[in-house]
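Everything on this sheet refers to the single structure shown next.
Note that the structure is predicted; figures quoted are calculated from it, not measured.
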Amino acid sequence: MAPLSRGTELSPRRRRAVLAVMCVALMMVVAAVASLNVALPDLARATGATQSQLQWIVDAYALVFAGLLLPAGALGDRFGRKGVLLTGLGVFGGASLAAMFVNDPSTLIGLRAVIGVGAALVMPTTLSIITNVFPPEERGHAVGMWAGVAGAGAVIGLLLSGTLLEWFSWPSVFAVNVTLALLAFVAAIVVVPTSRSARGVRLDP
């Protein structure tokens, strides 16, 4: 499929579908920043994690996520946004699935870091896809909705995790990640067009 160069090549309905998928993917990665916080007491009892290990289980995700945002965005522009998005969703969902069955704190720290890699591939790519798909007259509204989801994602993650923990144990927090990643992955295959930067984007290590 040839790279998409103009958002007007998609119908309004298709553009709305793309925006919905990007918002789901964005909410998933933002919610994961804080969603595990409410599960820490349960997690500590189940895994025997120390206070330091619990801190790293939380921070490993955010540290890797933030550190890789810029290079991950460049990868999407250079090699194709849809491919990088799907890779990120696969890494995010796969590592979250593995984390559901882990009882060792050190392994969980490593998996949270891997989930952060997936999140870094997803977040900037969602914005790049939105700005590419929507024509200038609609772009501001679409980006505004994207920003609103980014702002609300952390609160939604905390509320959802707290609700789940009323009935289930800490792996349910990762189960949400798996569910959202799978939903976004399948939907992205169907509705998101292939695109990359029209000019050569040189990687700058």
Side-chain angles (χ1 to χ4, degrees), residues 21 24-76 79 82-126 149-150 153-189 205:
V21 175
V24 169
L26 176 65
M27 185 184 69
M28 175 191 74
V29 300
V30 174
V33 174
S35 61
L36 201 59
N37 288 349
V38 294
L40 290 181
D42 190 16
L43 195 153
R45 288 190 296 269
T47 65
T50 65
Q51 189 63 39
S52 177
Q53 288 172 324
L54 290 175
Q55 190 67 52
W56 272 109
I57 289 171
V58 172
D59 291 346
Y61 174 83
L63 183 64
V64 174
F65 180 20
L68 294 181
L69 275 175
L70 292 179
L75 287 175
F79 297 111
K82 183 175 182 177
V84 170
L85 174 67
L86 293 176
T87 300
L89 290 170
V91 171
F92 190 99
S96 296
L97 180 63
M100 292 175 61
F101 304 99
V102 168
N103 290 314
D104 176 60
S106 297
T107 305
L108 195 55
I109 291 170
L111 286 171
R112 280 279 287 178
V114 174
I115 296 170
V117 174
L121 292 171
V122 169
M123 186 174 185
T125 310
T126 60
V149 170
V155 176
I156 293 172
L158 286 172
L159 293 174
L160 183 58
S161 298
T163 302
L164 285 172
L165 291 170
E166 290 291 325
W167 291 280
F168 307 103
S169 59
W170 64 268
S172 63
V173 177
F174 290 104
V176 173
N177 292 349
V178 175
T179 302
L180 291 176
L182 181 60
L183 176 64
F185 187 93
V186 173
I189 291 176

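Val122 places a side-chain heavy atom less than 4.5 Å from the side chain of Leu85. Side chains of Val30 and Phe65 form no contact here, defined as non-hydrogen atoms less than 4.5 Å apart.
Distance check, rounded to the nearest 0.5 Å: CG of Leu75 to CG of Leu70 gives 11.0 Å. Taking CD1 from Ile57 and CG from Leu111, the interatomic distance works out to 10.0 Å, rounded to the nearest 0.5 Å. Thr125 contributes atom OG1, which lies 13.5 Å from atom NZ of Lys82 (distance to the nearest 0.5 angstrom). Rounded to the nearest 0.5 angstrom, Thr87 OG1 and Phe92 CZ are separated by 15.0 Å. How far CG of Leu160 is from CE of Met27: 8.0 Å, rounded to the nearest 0.5 Å. The CG atom of Leu36 sits 8.5 Å away from the CD1 atom of Ile115 when rounded to the nearest 0.5 Å.
A pairwise comparison of heavy atoms in Val64 and Ala113 identifies CG1-O, 3.5 Å as the closest pair. Considering every non-hydrogen atom in both Ala120 and Ala72, the closest pair reads O-CB, 3.1 Å. The two residues Ala25 and Leu89 have their closest heavy-atom pair at CB-CD2, 4.3 Å. Looking at every heavy atom in both residues, Pro41 comes nearest to Val38 through CD-O, 3.8 Å.
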Review item, side-chain donor-acceptor pairs of residues 162-178, under 3.5 Å, at least two apart:
unit_1	atom_1	unit_2	atom_2	d
Thr163	OG1	Leu159	O	2.8
Ser172	OG	Ser169	O	2.7
Asn177	ND2	Ser96	OG	3.4

Got a list of side-chain donor-acceptor pairs under 3.5 Å for residues 43-55, not counting sequence neighbours?
unit_1	atom_1	unit_2	atom_2	d
Thr47	OG1	Leu43	O	2.8
Thr47	OG1	Ala49	N	3.4
Thr50	OG1	Gln53	N	3.2
Thr50	OG1	Gln53	OE1	3.4
Gln53	OE1	Thr50	N	2.9
Gln55	NE2	Asp59	OD1	3.4
Gln55	NE2	Asp59	OD2	2.9

- request: Dump the intermediate steps for side-chain contact (heavy atoms from CB on, under 4.5 Å) on Leu108 and Trp56, then the final yes or no.
  value: CA-CA 9 Å; Leu108 195 55; Trp56 272 109; over 6 Å; no
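Counting only distance, with no hydrogens or angles, the side chain of Ser161 and the backbone of Leu158 share no donor-acceptor pair below 3.5 Å.
For residues 101-116, the side-chain hydrogen bond (donor to acceptor under 3.5 Å, both in side chains) pairs, not counting sequence neighbours, are Asp104-Thr107.
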